[in-house]
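Working notes, beginning with the structure itself.
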Amino acid sequence: MTDMIELATNSDDMSKAEWDRELHTMGEKYGFYEKIGEDHSALFVKSGKTLIVTFENLDHVYEHGNRLPWGFGFVQKQGWSILGMMAHDWSWYRDADVYAFFDRLKRENFFDQFDQVVFYGASMGGYGACAFSAACPGASVVAISPQATLDRDLCSWEKRYQVAWIRDFSGDYGYAPHMTDSAKQVFILYDPLEPPDAMHAALFQGGNVTKLKCRFQGHRIASGLIQMGILQPIVSGCVDGSMTKTEFYKLLRARRSFRRYLRELLHKIDDQKHPLMVARLAEFVLAQGNGPVFRRKLNAANALLEKRGITPPGKRTQSAAGATGGPQ
């Protein structure tokens, strides 16, 4: 398939009923669109011999600009197929109809038509990608800030998702770390300084697991990677087998000019203990453009340094330039 597939109507005021009909039409033409119980649906668009299986919240997909699963356009450009699993609620895909759907795909050898399959998701979707990868042994998994489980007996320390406490995480496709045992490779992206996410990541122990640390990026790593423009090359690297820790951290250097990361880093530094560090970071950012938060932090750090009899970094540079007669 070479033509780009788009919704016929890309209007901001498209109703959910109209949107649902368009997805049905797209599915009938290029693969399938299927309602799965009350709270889930799946859109499959067949193209090449690589399949990307994505897990998302249906409401987020609807509110997104093109109202299609994440990376739909990117996947098409690569000539890959896509299976977008969408949840209408914060369900964590814990639904017998979803289990039956993946059981059917496995029973019908659906995944066998592809040379490689990659399961992708973030947060709740990361849990889904890990858990349901068990339906396709030998697949790869890219999970960003995933939960291993929300079973209260296994992770009573997880307090963020009380909405899911009523869900049953036992049984089929339940405990995500065990479900990834049959995967070819599992990439877990997480912030080790975000305690609950670090604890979930620690539960993934298999020899096929590669943990990629995204410090100072919190839980919303996926949106940050998108804004930095590196999520697509990360997924591509996982597909073609070139993704290593070294390659990942090379790509992650893009955070050096990513304001959200730099703000988070700034807020993590103790102003009173490390004013020199604050000043240097703020000056680095302000050299790239305006930033009121960084300007305020710089002024406060410089004032504290001068009070302690330390010359601020900016004044050191000015003094050095003056001593040599300025730039030649």
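From a predicted model like this one, the values you see are computed outputs, not experimental measurements.
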Would you check if the side chain of R263 reaches a backbone N or O of V293 as a donor-acceptor pair within less than 3.5 Å? no

Regarding S242 and D240, do their side chains bring together a donor and an acceptor under 3.5 Å, going by distance alone? yes

When you measure from the side chain of K250 to the backbone N and O of K245, does any donor-acceptor pair fall under 3.5 Å? no

Check the pair Y127 / F169 against ring-ring contact (aromatic ring centres under 6.0 Å, His included), numbers first and verdict last. CA-CA 11 Å; Y127 166 79; F169 283 81; 5.6 Å; yes

Checking D39 side chain against D89 main chain: does a donor-acceptor pair fall under 3.5 Å? no

So do M86 and N57 actually touch side chain to side chain, heavy atoms under 4.5 Å? no

Spatial distance of atom SG (C214) from atom CZ (R255) [nearest 0.5 Å]: 8.0 Å

Side chain to side chain contact (heavy atoms under 4.5 Å, CB included) filter on A254, not counting sequence neighbours, yields M228, I230

Can you tell me how far OG of S81 sits from CD1 of I52, rounded to the nearest 0.5 angstrom? 9.0 Å

Can you check whether I188 reaches V209 side chain to side chain, under 4.5 Å on heavy atoms? yes

Side-chain donor or acceptor of S91 paired with backbone N/O of A87 under 3.5 Å: no

Please check if the distance between the ring centroids of Y33 and F44 is under 6.0 Å. no

Just by modelled atom types, is the K213 backbone N or O under 3.5 Å from a matching donor or acceptor in the Y249 side chain? yes

Relative to each other, are the rings of Y93 and H40 parallel, tilted or perpendicular (30° and 60° limits)? tilted

Considering only heavy atoms from C-beta outward, does the side chain of L286 approach that of L298 to under 4.5 Å? yes

Rounded to the nearest 0.5 Å, how far apart are NZ of K35 and CZ of F101? 13.5 Å

For residues 172-184, the side chain to side chain donor-acceptor pair (under 3.5 Å) pairs (sequence neighbours left out) are D103-Y173

Judged by atom type as modelled, is there a donor-acceptor pair below 3.5 Å linking the side chain of D191 to the main-chain atoms of G218? yes

Min side-chain heavy-atom separation R21-E18 under 4.5 Å: yes

Are any side-chain N or O atoms of Q205 and backbone N or O atoms of A202, one a donor and one an acceptor, separated by less than 3.5 Å? yes

Stepwise, does the side-chain contact (heavy atoms from CB on, under 4.5 Å) test hold for Q288 with F284? CA-CA 7 Å; Q288 303 173 34; F284 168 77; 3.0 Å; yes

Is a donor on one side and an acceptor on the other found under 3.5 Å between the side chain of R94 and the backbone of R167? no

Can you tell me how far CD1 of I234 sits from CG of L252, rounded to the nearest 0.5 angstrom? 7.0 Å

Using only atom types and a distance under 3.5 Å, with no angle test, would you say the side chain of H200 pairs donor to acceptor with the backbone of P146? no

Distance col, row R220:CZ vs S145:OG, nearest 0.5 angstrom, shows 10.5 Å

Review item, side-chain donor-acceptor pairs of residues 113-126, under 3.5 Å, at least two apart:
from: Q113; atom 1: OE1; to: K46; atom 2: NZ; distance (Å): 3.0
from: Q113; atom 1: NE2; to: F110; atom 2: O; distance (Å): 2.9
from: Q116; atom 1: NE2; to: T50; atom 2: OG1; distance (Å): 3.2
from: S123; atom 1: OG; to: Q147; atom 2: NE2; distance (Å): 3.3
from: S123; atom 1: OG; to: H219; atom 2: NE2; distance (Å): 2.8

I'd like to know whether S47 forms a side-chain contact (heavy atoms from CB on, under 4.5 Å) with W80, so could you lay out the CA-CA distance, the side-chain angles of the two residues, the decisive distance to 0.1 Å, and finally the verdict. CA-CA 5 Å; S47 184; W80 301 335; 6.0 Å; no

Note, L251 side chain near M243 side chain (heavy atom, < 4.5 Å): yes

Is the shortest heavy-atom distance from the side chain of L262 to the side chain of F216 under 4.5 Å? no

Using distance alone, with no hydrogens and no angle criterion, decide if R256 and Y261 have a side-chain donor and acceptor under 3.5 Å apart. no

Roughly how far, to the nearest 0.5 Å, is OG1 of T311 from CG of L276? 10.5 Å

I'd like to know if the side chain of R215 reaches the main chain of L265, judged simply by a donor and an acceptor atom lying under 3.5 Å from each other, with no hydrogens or angles considered. no

